[in-house]
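All chains are named by letter (A, B, ...) in the order of the sequence lines, taking the proteins before the strands, and each is independently numbered beginning at 1.
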Number of protein chains: 2
Amino acid sequence: MNKKKLTEVLCGAEQLCRKRGVRLTARRRTVFELLCASDKPLSAYKILDRMRVAARNPAPPTVYRALDFLLEQGLVHKLESLHAFVGCTHPEHPHSSQFLICGDCGEVSEMENEAILQSLQTAERATGFKTRHPVVELLGTCAQCAEKHQSG
Amino acid sequence: MNKKKLTEVLCGAEQLCRKRGVRLTARRRTVFELLCASDKPLSAYKILDRMRVAARNPAPPTVYRALDFLLEQGLVHKLESLHAFVGCTHPEHPHSSQFLICGDCGEVSEMENEAILQSLQTAERATGFKTRHPVVELLGTCAQCAEKHQSG
DNA sequence: GGAAAGGATGTTATGTTATAACATCATCAA
DNA sequence: TTGATGATGTTATAACATAACATCCTTTCC
């Protein structure tokens, strides 16, 4: 993410939190910024390492608390299969996403596919299950890496 | 799972491994049996605890190696969102499942829903992403627990 | 302003999940 | 029997996550 876009996203997050009456404190903002600035998902401990530059001697709970807050607000997503987190670039509306996780280059793309959500909801209705949080993560190879393998 | 069904599943696993030319050793069999006998998913360390009854002083790699083998053979599934494992009751054909995970009673049901798989595949084709392993886990409340809450 | 309440953070310790690295043992084929 | 391969044992440690309690900051109310 370039600097301009990052500023936009941070401003958006500020506004969102103000509107909701919750506090995007310095710590939380730092964690969110680090995630958004990274083009790859970051584990809590990677975030911790990068925080050492700014804050002095942060401990794991510092990061996990900030992540809990950001997850609640929909500003970040957790990738269960990677034990890692990504910033969400469109947190304005509550949503559930699907993630395409490339095992080659490590890039993750977030998508919001209506057909997938529909099919999940149909299955729920059939079974009577009430989903609170769907986890959909596709582990594989992205288009670019797949192409490299074919040509290379 | 009752004892008769468990015996059947174990026999099935034996046959499957023989057919594939891979070895369902004592350790692997034990891990598989513990998972199948449990009505809830088990973490690797829970399995380890239960193994202490039989083997003397097993260490984590013992369990993780057995799990790796069983995962490869499709005899067990990993639930990423729980850091836990479940036995698969129909490993004959390779398949990818979806899991309904009840946060109340802890029960997990495995389903193989064609419509969901279709919608995932459609999304893949649209993006050029090649999925090796789809993770679909719905966290919520099962029908029974939901009913209890309404009436209770 | 000052006190009380609630939320956020700091700090220490520990729990939980997972793997690296190397030694040993078992199985099977040549 | 020997060599190759795969499975297991063993020790240590890496990586991920939270409990528990102290402290501090912010807001509200008097």
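The aromatic ring centres of B:F85 and B:H77 sit 6.0 Å or more apart.
A donor-acceptor pair shorter than 3.5 Å cannot be found between the side chains of A:H133 and A:T131. Side-chain contact of B:S81 with A:E80: a donor-acceptor pair under 3.5 Å is absent, judged by distance alone. With no hydrogens or angles considered, no side-chain donor-acceptor pair links B:H149 and B:Q144 at under 3.5 Å.
Considering only heavy atoms from C-beta on, A:R28 stays 4.5 Å or farther from A:V31 through its side chain. Looking at A:C88 and A:H90, their side chains come closer than 4.5 Å, going by heavy atoms from C-beta outward.
Near DNA chain D, meaning a heavy atom under 4.0 Å from it, residues 19-30 of chain A has A:R23 in order of number. Within a heavy-atom distance below 4.0 Å of DNA chain C, the residues of residues 60-79 of chain A found are A:P61, A:T62, A:R65. Of the residues in residues 35-45 of chain A, those placing a heavy atom less than 4.0 Å from an atom of DNA chain D are A:S43, A:Y45, in numerical order.
Pairing each heavy atom of A:P91 with each of A:L16, the nearest pair is O-CD2, 3.8 Å. The two residues B:S119 and A:S119 come nearest to each other via the heavy atoms OG-OG, 3.1 Å.
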Test side chain to side chain contact (heavy atoms under 4.5 Å, CB included) applied to A:L120 and B:L138, step by step: CA-CA 9 Å; A:L120 292 176; B:L138 305 185; 4.2 Å; yes

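Every side-chain contact (heavy atoms from CB on, under 4.5 Å) that A:A59 has, sequence neighbours left out, goes to A:P61.
Counting only distance, with no hydrogens or angles, the side chain of A:Q98 and the backbone of A:E137 share no donor-acceptor pair below 3.5 Å.
Legend: salt bridge (charged side-chain N to carboxylate O under 4.0 Å, His left out) pairs involving residues 9-19 of chain A, not counting sequence neighbours, sorted by first then second residue: A:E14-A:R29.
With a cutoff of under 4.0 Å to any heavy atom of chain B, the contacted region of DNA chain C is bounded 5' to 3' by C:dT17 to C:dT27.
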